[in-house]
Amino acid sequence: QILIAFMAANLITIPFNALRRNLPTALGIFPKKDGLWIVTITQGLRFLFNFVALSILIFIQLRV
């Protein structure tokens with residue numbers, strides 16, 4: 001249950017971390033359109049993979 005809580009909290013913080021850390025760095029390196037696209041894709045995939053892992057953990061927890 002603790003792992004599920006940590007992963008759920010991680011899902012909540014992904015957009016805030018992207019805005020605070022990843023977006024300014026990407027916009028400083030790449031042109032604005034490309035930097036925004038890169039951050040959106042990478043953080044979207046990170047969110048998706050974490051969501052799938054959390055769903056699997058919840059499913060396993062419910063079966064036990």
#### Entry: Set of side-chain contact (heavy atoms from CB on, under 4.5 Å) partners for Arg46, sequence neighbours left out
Asn10, Ile14, Gln43, Asn50

### Task
Following the transitive rule for hydrophobic clusters with a side-chain heavy-atom cut-off under 4.5 Å over Ile, Leu, Val, Met, Phe, Trp and Tyr, establish whether Leu62 and Phe51 coincide in one cluster.
yes

### Query
To which residues is Ile38 joined in a hydrophobic cluster, defined by side-chain heavy-atom contacts under 4.5 Å among Ile, Leu, Val, Met, Phe, Trp and Tyr, whether direct or through other members?
Ile29, Phe30

### Query
Rounded to the nearest 0.5 Å, how far does CZ of Phe47 lie from CG of Leu11?
5.0 Å

N/O donor-acceptor pairs under 3.5 Å from side chains in residues 21-28, not counting sequence neighbours:
residue : atom : partner : partner atom : Å
Thr25   : OG1  : Arg21   : O            : 3.0

### Message
Checking Phe6 now: which residues fulfil side-chain contact (heavy atoms from CB on, under 4.5 Å) with it, not counting sequence neighbours?
### Response
Ile2

### Message
Using the side-chain contact (heavy atoms from CB on, under 4.5 Å) criterion, which residues pair with Ile41? Sequence neighbours excluded.
### Response
Trp37, Leu45

### Message
Can you pull out every side chain to side chain donor-acceptor pair (under 3.5 Å) where at least one residue sits in residues 54-64? Sequence neighbours excluded, please.
### Response
none

### Task
Identify, with sequence neighbours excluded, every residue that meets side-chain contact (heavy atoms from CB on, under 4.5 Å) alongside Leu57.
Leu3, Ile4, Met7

